[in-house]
*Asks:* 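Mind having a look at this structure? Questions to follow.
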Amino acid sequence: MNFTCQCCGACCRVPGYVALEAGEAETIASFLGMDIYAFTEQYALLTGNRGNLSLIERPDGGCIFIQDDNTCRIQPVKPAQCKGFPFQWKSKQLKAICPELRVGATGRAPA
Ligand code: SF4
Ligand code: SF4
């Protein structure tokens, strides 16, 4: 799939879980220079099914780590869920808000 991210940050501002896989909380905590307990207390919560930790959201529903310039504060260690979009997964919700995927839906790239 040809895909050129426009770095608009829209996918990081959509309300929804950013679930953490095993070991990711420790990796992000280390990147931020935080103790794992302090990190989980400040930045994580349980998903509704109590099956995972997820990142907390801003009051408007966006990810806590999206910055004003649309960059990710934890880019080098962002969760696998984030790394996988849109190459390994996409949803109708995200397809609707991603300008590059919308272009694909209207006939230009991606191939
Ligand atoms: S962790 Fe980074 S890439 Fe993932 S949703 Fe948050 S800001 Fe976006
Ligand atoms: S919504 Fe699409 S174009 Fe915008 S940052 Fe996310 S992946 Fe890139």
Side-chain angles (χ1 to χ4, degrees):
M1 176 173 79
N2 294 326
F3 184 87
T4 304
C5 179
Q6 298 180 20
C7 301
C8 67
C11 54
C12 302
R13 293 190 169 89
V14 168
Y17 291 133
V18 178
L20 301 178
E21 296 184 0
E24 289 185 329
E26 289 84 352
T27 300
I28 298 169
S30 176
F31 178 77
L32 294 173
M34 299 177 75
D35 173 85
I36 184 63
Y37 292 105
F39 170 77
T40 52
E41 183 177 1
Q42 185 170 343
Y43 289 118
L45 47 71
L46 273 177
T47 53
N49 66 0
R50 296 182 177 270
N52 292 86
L53 289 175
S54 70
L55 299 178
I56 62 168
E57 300 175 357
R58 297 169 187 266
D60 65 4
C63 175
I64 193 66
F65 289 126
I66 186 68
Q67 303 182 111
D68 290 346
D69 64 356
N70 297 330
T71 59
C72 171
R73 186 179 165 202
I74 59 168
Q75 174 68 23
V77 293
K78 66 185 181 182
Q81 176 179 316
C82 306
K83 290 176 185 163
F85 175 77
F87 301 100
Q88 295 171 358
W89 67 273
K90 62 186 176 187
S91 64
K92 286 182 180 174
Q93 177 197 34
L94 285 172
K95 190 173 178 181
I97 59 91
C98 173
E100 192 63 18
L101 289 178
R102 277 207 310 269
V103 165
T106 58
R108 202 164 60 81

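Atoms within each ligand, like the ligands themselves, are counted from 1 in listed order. The chain is numbered in sequence order, starting from 1.
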*Asks:* Could you tell me whether atom 8 (Fe) of ligand 1 has an N, O or S atom of Cys12 under 2.8 Å away?
*Replies:*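 Yes, since at least one N, O or S atom of Cys12 sits under 2.8 Å from atom 8 (Fe) of ligand 1.
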*Asks:* With heavy atoms of Cys63 as the reference, note each atom of ligand 1 found under 4.0 Å away.
*Replies:*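 Near Cys63, the atoms of ligand 1 are 1 (S), 5 (S), 6 (Fe), 7 (S).
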*Asks:* Hey, looking at atom 4 (Fe) of ligand 2, which of Cys8, Cys72, Cys11, Cys82 has the closest heavy atom?
*Replies:*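 Shortest heavy-atom distance from atom 4 (Fe) of ligand 2: Cys8.
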*Asks:* List ligand 2 atoms under 4.0 Å from Phe85, heavy atoms only on the residue side.
*Replies:*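 Answer, ordered by atom number: 7 (S).
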*Asks:* Would you say that Phe65 contacts Leu32 through its side chain, given a criterion of any heavy-atom pair below 4.5 Å between the two side chains?
*Replies:*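 A side-chain contact under 4.5 Å exists here.
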*Asks:* Considering Arg102, Gln6, Lys90 one by one, which has a heavy atom nearer to atom 3 (S) of ligand 2 than any of the others?
*Replies:*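 It is Gln6 that holds the nearest heavy atom.
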*Asks:* Starting at NZ of Lys92, measure out to CD1 of Ile97 and round the result to the nearest 0.5 Å.
*Replies:*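 Lys92 atom NZ to Ile97 atom CD1 measures 15.5 Å (nearest 0.5 Å).
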*Asks:* What is the nearest protein non-hydrogen atom to atom 2 (Fe) of ligand 2, stated with its residue, atom name and distance?
*Replies:*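 For atom 2 (Fe) of ligand 2, the nearest protein heavy atom is Cys98 SG, 2.3 Å.
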*Asks:* For Phe65, take its heavy atoms, then give the atoms of ligand 1 lying under 4.0 Å from any of them.
*Replies:*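 Under 4.0 Å from Phe65, ligand 1 has these atoms: 7 (S).
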*Asks:* Which ligand 1 atoms are under 4.0 Å away from a heavy-atom of Ile66?
*Replies:*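 So the atoms of ligand 1 that pass are 7 (S).
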*Asks:* Tell me which part of Leu55 gets within contact of ligand 1: side chain, backbone, both or neither, using heavy atoms under 4.0 Å.
*Replies:*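 Leu55 to ligand 1: side-chain contact only, backbone stays beyond 4.0 Å.
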*Asks:* Which residue holds the protein heavy atom closest to atom 8 (Fe) of ligand 2, what is that atom called, and what is the gap in Å?
*Replies:*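 Atom 8 (Fe) of ligand 2 sits closest to the protein heavy atom Cys5 SG, 2.3 Å.
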*Asks:* When you look for heavy atoms under 4.0 Å from ligand 2, do you find them on the side chain of Phe3, its backbone, both, or neither?
*Replies:*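 Within the 4.0 Å criterion, Phe3 contacts ligand 2 through side-chain atoms alone.
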*Asks:* Does a side chain donor of either Asp69 or Thr71 reach within less than 3.5 Å of an acceptor in the other side chain?
*Replies:*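 Indeed, the side chains of Asp69 and Thr71 share at least one donor-acceptor pair under 3.5 Å.
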*Asks:* Hey, could you give me the CZ/CD1 distance between Arg58 and Ile66, rounded to the nearest 0.5 Å?
*Replies:*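 Going from CZ on Arg58 over to CD1 on Ile66, the span is 7.5 Å.
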*Asks:* Just which atoms of ligand 1 are under 4.0 Å from any heavy atom in Lys78?
*Replies:*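 Under 4.0 Å from Lys78, ligand 1 has these atoms: 3 (S).
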*Asks:* Parallel, tilted or perpendicular, judged at 30° and 60°: which one describes the rings of Phe87 and Phe3?
*Replies:*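 Ring orientation, 0 to 90° scale: perpendicular.
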*Asks:* Treating Glu24 as the side-chain partner and Pro79 as the backbone partner, does any N or O pair qualify as donor plus acceptor under 3.5 Å?
*Replies:*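 It does not hold such a pair.
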*Asks:* With a 6.0 Å cut-off (strictly less than), is the heavy-atom count around CD of Glu41, excluding the residue itself, greater than 12?
*Replies:*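 Open.
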*Asks:* Look up atom CG in Leu55 and atom CD1 in Ile64, then write down how far apart they are to the nearest 0.5 Å.
*Replies:*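 Rounded to the nearest 0.5 Å, the CG-CD1 separation comes out at 9.0 Å.
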